[in-house]
Amino acid sequence: DWDDAPGIWRYILSRLQSASLEKTEDMRGHLYLEDIFKNAFAILAHFTGREAGREVMSLRSYLERFKDLSRTLESATTVDDVIKAAHACAKGFTLDGIAFCLHEEGPMPLGCGGCGDKEGTPYDRMCWSAPGSSDTAFPAESIIPDEAFPRQSKDRRREIVIMPLQGMDVSFGYIAFVGNKTPSVIFDTFRDYVSRAFESVERLKRAHLAEKALGDVIERTRESGDRFRAITETLPMMVLETTPSLAIRYANRTAQKSLELDGSPDTLASCIHRDDLKKVADIITGLVA
């Protein structure tokens, strides 16, 4: 269970070798001890290499599982989709379980700390989310609700790691891992994948809201235009409109009747006096240039 077992054993053998050889004056005994310690260091090197190789193979296996997690999260469009995908893929890692604890009020600005609503009440409530169960609200001081992880026997060693879920400018809450001798790289990489998935969902939601707002504005503008045209039909004055290409359009019968037009012309060129046509043409040429 040592974090650096090869390094510790190397230190122990070095100290033991120095102490033993210092107290051995006989040449044959000295050579015998050196041979023993050479074998000991050789065994340690073999063990270290084998453990390193096993760790590399394990990390390669985790890399493939992270690829699967990435592909699964790509299709997630809601927070629930992200949570379901993360729980489904967690089984492929050395994790006994994961728990999502999200801000009850939704994503919060980073560095907000004790942000509050209009009444000044701090957002100190979290919401535990899990597939197949209703969300459970709990005080932030509890860190994790009791139902997040089933209680296990005392003789089973397990570790709980809690890490924040953050986007570029917001906090979604945090994720809690339960494992047993789980490589630390799994916690950080898993958290990073989930954080980016939450951020994508948040951006998608913002885009949908902006699209809806734009659609509402366009619809209101269209309705206003229809009402305006209906009103202009009764106005005893000339109303002109311009198209996106800057052509002139006659908006009501008064304009057409005043100019004795049938509503089809695109410009007022036919209404310009012949003595002014050259001046107008020069002005237009200058504007175009």
Side-chain angles (χ1 to χ4, degrees), residues 1-70 86-101 110-111 113 140-146 148-166 171 173-196:
D1 295 334
W2 293 343
D3 293 333
D4 184 25
I8 294 173
W9 273 111
R10 192 174 295 108
Y11 174 76
I12 292 174
L13 288 175
S14 298
R15 291 291 301 273
L16 185 59
Q17 181 184 31
S18 299
S20 301
L21 293 178
E22 286 178 359
K23 298 181 179 181
T24 304
E25 298 179 356
D26 179 59
M27 182 59 65
R28 292 185 59 184
H30 199 281
L31 295 175
Y32 177 70
L33 285 176
E34 283 186 345
D35 189 51
I36 289 178
F37 281 106
K38 286 181 182 178
N39 290 334
F41 280 111
I43 293 173
L44 179 60
H46 176 72
F47 169 79
T48 303
R50 186 177 60 188
E51 288 299 310
R54 186 182 293 113
E55 183 177 354
V56 170
M57 292 301 295
S58 178
L59 291 177
R60 287 181 179 176
S61 176
Y62 292 141
L63 181 60
E64 292 298 322
R65 289 179 172 84
F66 277 123
K67 289 181 180 179
D68 294 337
L69 175 62
S70 178
H87 275 276
C89 294
K91 299 176 182 177
F93 301 91
T94 53
L95 296 171
D96 293 338
I98 56 176
F100 287 89
C101 300
L110 284 178
E141 292 81 1
S142 300
I143 307 298
I144 302 175
D146 293 336
F149 297 120
R151 297 190 179 278
Q152 299 183 1
S153 59
K154 294 182 179 180
D155 59 343
R156 177 178 173 80
R157 177 187 176 186
R158 69 175 188 173
E159 50 201 13
I160 298 180
V161 178
I162 300 174
M163 306 185 78
L165 294 171
Q166 297 177 345
S171 167
Y174 46 85
I175 183 172
F177 300 94
V178 170
N180 183 21
K181 298 182 181 180
T182 305
S184 58
V185 67
I186 291 180
F187 299 135
D188 194 44
T189 308
F190 200 103
R191 182 276 306 265
D192 187 49
Y193 274 65
V194 172
S195 292
R196 282 185 288 173

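None of the values given here were measured: they were computed from a predicted structure.
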From [X] atom [atom1] to [Y] atom [atom2], the distance as rounded to the nearest 0.5 Å:
X      : Y      : atom1 : atom2 : answer
Leu44  : Asn39  : CG    : CG    : 12.5 Å
Gln17  : Ser20  : CD    : OG    : 8.0 Å
Tyr174 : Met163 : OH    : CE    : 14.5 Å
His30  : Glu22  : NE2   : CD    : 9.0 Å
Leu21  : Leu16  : CG    : CG    : 9.0 Å

Any idea which heavy atoms bring [X] and [Y] closest together, and the distance?
X      : Y      : value
Thr24  : Gly29  : CG2-C, 3.7 Å
Ser195 : Pro164 : OG-O, 4.1 Å
Ala90  : Leu95  : O-CB, 4.1 Å
Ala86  : Phe100 : CB-CZ, 3.5 Å

Between Tyr32 and Arg28, a side-chain donor and acceptor under 3.5 Å: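 Note: Tyr32 and Arg28 side chains miss the donor-acceptor criterion.
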Examine distances only and state if a side-chain atom of Arg191 and a backbone atom of Leu165 form a donor-acceptor pair shorter than 3.5 Å.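 A pair under 3.5 Å: no.
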Any [X] side-chain heavy atom under 4.5 Å of [Y] side chain:
X      : Y      : value
Ile162 : Phe177 : no
Phe41  : Ser14  : yes
Val161 : Ile175 : no

Dump the intermediate steps for side-chain contact (heavy atoms from CB on, under 4.5 Å) on Ile144 and Ile160, then the final yes or no. CA-CA 10 Å; Ile144 302 175; Ile160 298 180; 4.1 Å; yes
List in chain and number order the residues that pass ring pair (Phe, Tyr, Trp, His ring centres under 6.0 Å) with Phe66, two or more places apart in sequence or in another chain; answer none if no residue qualifies.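 Applying ring pair (Phe, Tyr, Trp, His ring centres under 6.0 Å) to Phe66 gives Phe93, Tyr193.
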